[in-house]
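These numbers come from a predicted model, not from an experiment.
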Amino acid sequence: MYVLCAGMYRACSTWQYEVITHLLDKHRGGERLGYLTGEEFTAKYRAGEQDAGWSVLKSHEGDRSFSRAIADRQAIAVYAYRDVRDVVFSLMHKRGVSFELLVRQGMIHQIFANDRFWSKQPGVIVQGYENLVEDPVTGVLELGAHLGLPISREEAVEVAGEYSFQTNRRRTLELVEQLQAQGVDLSDPSNLQYYDQKTLLHWNHLREGRPGNWRTHATPGQRAILSRLCDKWLVAHGYEADTLAPDAPRQSPSDVLQRELELARAWLACALRCASLRHPRSARAVKRILGMSTRTTAAVPANVRIDSAREAATETSGAMHSQPTKSSRMGRSETVANDAS
């Protein structure tokens, strides 16, 4: 059975992956597949590699192979969502891009496309980011029940502590130390995507995730775009649709027309991206059309394990691959970004 951890960008999907792999490791000997694109999952699923065991993967974009596996009762889905306005500004921080570029690339439209795909899958468990932050123990219990595992509250408390913000923050700081020891310049934008292969945590993965933090960053113009794109979804999911700045001046007809043209271009960018996912060979050309760098969006394994300093030190001295270099990054330039969250 495959477990598809496919939450919204920056909405605790990596936390769900960590918890589920932990529970299955303990109770059912599950296999970690890491981050897989739809294309990569299609290859595995067609190859018939699934056996009687459990395999866990993380992804974001929908794909027919995922829905087919769910329909065949060979997979179950786990999804998490978050206030999209917070997702946008968290994604900007994570990728090191501006609001305008994120819109132009169609990424806000992509958030909603992914949400429509995963939230309608049969049998999917849907968890809210804010609920997971406030009460992670209940979140662990919900995931255990979804997997059919007899998780006690005591065990759920232990697991929630193992993957708390503070514990994962320590893991990312250890990853930073390992990368810096290998000579990786973390101020270089091309190094934003180094991540740990076991936990899927990036070195810059965590920051203060306080709900509503977007309000301290969004300009009136950005609020107008967010309101146009997000308010209906926010209301439907129980959020307050207070996106527009209360004292914002009324936009002129020309400003509104310019905004709509920009959003039409963003919708087209999203449509092209979705098409490129179905036809991977065209992905690189599509990224260039959208103004997306093919060098800085790749997710690159850091080749270090960050569960403990001792384990990291052991692997550094023994079984590790060669240190990350600029040339190795270029070799993975077409890898889809692992926006683990």
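Residues Tyr17 and Arg32 are in side-chain contact: their nearest non-hydrogen atoms beyond the backbone lie under 4.5 Å apart. Residues His27 and Ile151 are in side-chain contact: their nearest non-hydrogen atoms beyond the backbone lie under 4.5 Å apart. With a 4.5 Å cut-off on side-chain heavy atoms, Ser13 and Lys58 count as touching. Considering only heavy atoms from C-beta on, Lys44 stays 4.5 Å or farther from Ser55 through its side chain. Val124 is not listed as a side-chain neighbour of Trp118, based on a closest heavy-atom distance of 4.5 Å or more. Residues Met107 and Tyr9 are in side-chain contact: their nearest non-hydrogen atoms beyond the backbone lie under 4.5 Å apart. Met8 places none of its side-chain heavy atoms less than 4.5 Å from the side chain of Asn114. Inter-residue side-chain proximity for Arg228 and Glu260 is flagged as met; some heavy-atom pair is nearer than 4.5 Å.
No hydrogens or angles considered: nothing links the side chains of Tyr129 and Asp83 as a donor-acceptor pair under 3.5 Å. There is no side-chain donor-acceptor pair under 3.5 Å between His146 and Gln127. Side-chain atoms of His237 and Tyr81 include no donor-acceptor pair closer than 3.5 Å. Under 3.5 Å, the side chains of Asp231 and Ser227 contain a donor-acceptor pair of N or O atoms.
When all heavy atoms of Gly30 and Asp25 are compared, the closest pair comes out as O-OD1, 3.1 Å. The shortest non-hydrogen separation linking Glu40 to Leu36 is OE1-CA, 3.2 Å. Pairing each heavy atom of Ala224 with each of Arg259, the nearest pair is O-NH1, 4.1 Å. Shortest non-hydrogen contact noted between Val56 and Cys5 is CG1-SG, 3.9 Å. Contact record, Phe66 with Glu61: CE1-O, 3.5 Å, taken as the closest heavy-atom pair. The minimum heavy-atom distance linking Cys270 with Gly106 is given by the pair CB-O, 3.6 Å.
Annotation: the span from Cys12 atom SG to Asn131 atom CG amounts to 10.5 Å, rounded to 0.5 Å. Atoms CD1 and CD, on Ile125 and Gln16 in that order, are 8.0 Å from each other to the nearest 0.5 Å. The OG1 atom of Thr37 sits 12.5 Å away from atom NE2 of His60, with the distance rounded to the nearest 0.5 Å. One distance of note links CZ of Arg73 with CD1 of Ile76; it measures 13.0 Å at 0.5 Å rounding. Separation of atoms CG (Asp86) and CZ (Arg10) is listed at 11.5 Å; rounding is to 0.5 Å. The distance from the CZ atom of Arg82 to the CD atom of Glu130 is 7.0 Å, given to the nearest 0.5 Å.
Tyr2 and Phe41 have their aromatic ring centers within a separation under 6.0 angstrom.
Side chain of Ser119 to main chain of Asp115: a donor-acceptor pair is present (N/O by atom type, distance under 3.5 Å, no hydrogens or angles). Side chain of Trp15 to backbone of Tyr163: a donor-acceptor contact under 3.5 angstrom is found. A donor-acceptor pair is defined here as one N or O able to donate and one able to accept, closer than 3.5 Å; such a pair exists between the side chain of Gln121 and the backbone of Phe117.
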* Check the pair Glu100 / Gln222 against side chain to side chain contact (heavy atoms under 4.5 Å, CB included), numbers first and verdict last. => CA-CA 8 Å; Glu100 291 70 25; Gln222 292 169 351; 3.4 Å; yes
* How far apart are the C-alpha atoms of Arg28 and Met1, what are their side-chain angles, what is the distance that settles it, and do they pass the side chain to side chain contact (heavy atoms under 4.5 Å, CB included) test? -> CA-CA 11 Å; Arg28 291 181 178 170; Met1 177 70 72; over 6 Å; no
* Checking side chain to side chain contact (heavy atoms under 4.5 Å, CB included) for the pair Leu268/Arg265: CA distance, chi angles, key distance, verdict? -> CA-CA 5 Å; Leu268 178 60; Arg265 183 184 186 279; 5.6 Å; no
* Intermediate values then yes/no, side chain to side chain contact (heavy atoms under 4.5 Å, CB included), Phe99 and Ile225 -> CA-CA 10 Å; Phe99 179 91; Ile225 291 175; 4.0 Å; yes
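Shown here are the side-chain contact (heavy atoms from CB on, under 4.5 Å) partners of Arg215, two or more places apart in sequence or in another chain: Arg85, Arg223, Asp242.
Residue Glu134 qualifies as open at atom CD: its count of foreign heavy atoms under 6.0 Å is 12 or below. Within 6.0 Å of CH2 on Trp233 lie more than 12 heavy atoms contributed by other residues, nucleotides or ligands.
A side-chain contact (heavy atoms from CB on, under 4.5 Å) with Leu226 is found for one member of Val84, Val103, Ile108 and no other, namely Ile108. Each of Leu147, Val19, Leu4, Ile20 was evaluated against Val78; a single residue qualifies, Ile20, per the side-chain contact (heavy atoms from CB on, under 4.5 Å) test.
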